[in-house]
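Note on naming: letters A, B, ... go to the chains in the order of the sequence lines (proteins, then strands), and numbering restarts at 1 for each one. Because the structure is predicted, anything quoted here is derived from the model rather than measured.
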2 protein chains.
Amino acid sequence: MNIPEQYSDTISRSELFADIPPDMLADILDRGRRQHIKAGEILFHEGDHADRCYLVLKGRLKLSKLHGQGKEAIIHYVEAGAVIAAVAVFKGKRFPVTARAMGAAEAIGWDRDAIMELISEYAQFAINLLRFAIDRIEELQTRYLELAVEQVERRIARALLRIMRQSGRKTGEGIEIEFKISRQDLADYTGSTLYTVSRTLSNWGKRGWIKSGRQRIVIINPHALVSFSETD
Amino acid sequence: MNIPEQYSDTISRSELFADIPPDMLADILDRGRRQHIKAGEILFHEGDHADRCYLVLKGRLKLSKLHGQGKEAIIHYVEAGAVIAAVAVFKGKRFPVTARAMGAAEAIGWDRDAIMELISEYAQFAINLLRFAIDRIEELQTRYLELAVEQVERRIARALLRIMRQSGRKTGEGIEIEFKISRQDLADYTGSTLYTVSRTLSNWGKRGWIKSGRQRIVIINPHALVSFSETD
DNA sequence: CGACGCATTGACAGGGCTCAATTTAAGTGG
DNA sequence: CCACTTAAATTGAGCCCTGTCAATGCGTCG
């Protein structure tokens with residue numbers, strides 16, 4: 001039996017195991033396969049045959065979709081505790097996105113049969129998976145609306161706030177985004193360009209709302225960003 | 001017992017009942033509450049307390065999200081057979097979208113308890129719900145990418161093709177969209193404006209690719225639209 | 001320390017939104 | 001069945017936001 005000590009936190013907090021008796025966790029985890037992903041490496045490619053779905057144990061992954069001519073949209077940043085690629089189990093197709101590690105990361109993967117067995121033994125498992133899916137749908141809908149009706153600077157502000165809430169860490173200066181994120185990343189996340197993002201961050205830097213450097217952003221004044229993203 | 005005859009088709013085709021023994025359908029349907037929605041009426045409002053989820057039995061619904069100042073984004077058009085508002089059951093929150101009938105429509109709704117009972121009795125039910133959720137996620141991701149990287153006319157072309165595949169009916173002239181859809185609708189669906197949509201459709205009309213009138217669109221040459229949406 | 005990748009900034013242009021004025025078509029009621 | 005009302009669609013003019021291109025600066029890592 002091997003619940004790796006260092007993940008007990010992620011595991012106990014993950015919605016995937018909500019309402020599942022702790023003594024069954026070991027069994028569930030044993031049926032999956034753990035995998036280490038180095039910084040910048042890819043866990044799976046968009047278009048590859050989808051054979052397993054994953055729980056992120058450590059680190060962060062960027063889920064993105066490509067569009068000819070080097071254009072890319074970042075669909076989601078996922079944290080430890082999240083389930084990804086459920087499509088592999090329930091639609092048996094190809095991965096619709098690419099998953100790339102933002103830093104060193106680890107994940108545990110189950111193939112279709114394992115998940116199906118788990119569901120039939122622990123009915124709650126399917127419900128927990130549904131909760132993840134529904135959360136994803138809601139976030140996508142919200143971001144779709146933003147992309148459809150708001151202009152760029154607002155979208156960037158909202159993106160920053162969303163990422164801050166999910167992956168921010170308090171420091172002396174303010175709240176720092178815990179992973180490396182470039183102007184290009186933010187552009188791909190907001191449906192913009194690295195130039196516009198750069199200009200915008202630069203502007204906010206001058207106003208003292210944020211501090212930013214190479215692949216690093218600290219939010220000094222979240223409130224200013226919130227009101228900027230909301231006021232008329 | 002009452003499986004309404006006229007819906008047996010929708011029911012037997014709906015993914016919701018895949019792999020569920022037919023003799024259990026009557027039981028499942030009996031636990032829901034049927035509801036008629038007149039053309040243009042609203043089944044539920046964004047922000048209302050979400051108390052039940054629905055299977056669309058007949059007609060079509062438009063799921064949209066509002067954004068101050070009268071702006072609106074159409075998140076999805078759903079057909080008979082689709083499940084909506086699963087959020088009501090699995091997150092017990094508020095509806096994230098508004099559902100409006102595009103013509104006369106009918107739906108059957110189950111509250112949280114009913115769905116939970118059904119899942120515990122028919123484990124397959126949860127899996128089927130997951131499939132719906134995953135389909136939605138994939139479509140949203142794809143449209144998010146489009147909105148992020150493609151320009152308006154292409155998005156309109158793709159939207160038309162997507163709607164055509166889902167709700168098109170062959171006629172003498174070509175493939176007609178089966179429900180009333182205005183320029184404004186198409187604009188809200190593609191993140192554009194009714195003016196741009198009007199100009200674009202007008203242009204395509206002159207080229208003979210489509211024919212369009214008041215809330216009515218017939219696609220004469222789908223292939224032209226496909227290549228327009230794909231070429232360089 | 002050099003080189004590469006990321007970020008900044010300016011100049012420019014154009015896609016698409018906005019606003020306004022008509023035109024067309026669908027209902028509606030007498 | 002026609003006049004009237006109202007909502008949808010069309011079209012033009014103007015301009016602004018933001019993408020594009022190019023040049024330069026800077027920080028980090030090998």
Taking the nucleotide of DNA chain D with the nearest heavy atom to each, does Thr196(A) or Gln184(B) sit closer to the 5' end? Gln184(B)
Residues Lys180(B) and Asp185(B) bridged, charged N to O under 4.0 Å: no
Between Glu138(B) and Lys91(A), is there a salt bridge with N-O shorter than 4.0 Å? no
Between P on dG19(D) and CG on Leu194(A), what's the gap in Å once rounded to a whole number? 10 Å
Can you measure Tyr195(A) atom OH to dT20(D) atom P for me and round it to whole angstrom units? 9 Å
Has the side chain of Lys62(A) got a donor or acceptor atom that lies under 3.5 Å from a matching backbone atom of Met102(A)? no
Using atom CD of Gln215(B) as one end and atom C1' of dA26(C) as the other, report the distance to the nearest whole Å. 10 Å
With a 4.0 Å cut-off on N to O distance, would you call Glu173(B) and Arg216(B) a salt bridge? yes
Looking at Phe44(B), does the NZ or CZ of Arg52(B) lie under 6.0 angstrom from its six-membered ring centre and within 45 degrees of the ring axis? no
Figure out the CD1/C1' separation between Ile217(B) and dA8(D), and round it to whole Å. 13 Å
Does a salt bridge link Glu146(B) with Arg162(B), judged by any charged N lying under 4.0 Å from a carboxylate O? yes
Strictly under 4.0 angstrom, non-hydrogen atoms only: write out the protein contact profile of nucleotides 25-30 of chain D, one letter per nucleotide from the 5' end, B, S or -. --BS--
Taking CD from Gln151(B) and P from dC17(D), how many angstroms apart are they, rounded to a whole number? 19 Å
Are any of Thr193(A)'s side-chain N or O atoms less than 4.0 Å away from OP1 or OP2 of dT20(D)? no
Rounding to a whole Å, what distance do you find between Arg154(B):CZ and dG15(C):P? 13 Å
Cation-pi check for Tyr189(B) against Arg143(B): NZ or CZ below 6.0 Å from the six-membered ring centre and within 45 degrees of the axis, yes or no? yes
Any heavy-atom pair between the side chains of Ile217(A) and Trp204(A) that's under 4.5 Å? no
Could you check whether Ser64(B) and Glu72(B), counting side-chain N and O atoms only, form a donor-acceptor pair closer than 3.5 Å? yes
Send over the distance from Gln69(A) CD to dT20(D) P, rounded to a whole Å. 12 Å
Taking for each residue the nucleotide of DNA chain C with the nearest heavy atom, is it Arg216(A) or Glu150(B) whose nucleotide lies nearer the 5' end? Arg216(A)
Length of the line joining Arg183(B):CZ and dT24(C):P, which is rounded to integer Å: 15 Å
Residue-level proximity of residues 197-208 of chain A to DNA chain C when a heavy atom falls under 4.0 Å: Ser198(A), Arg199(A), Ser202(A)
dA7(D), OP1 or OP2 - any side-chain N/O from Ser182(B) closer than 4.0 Å? no
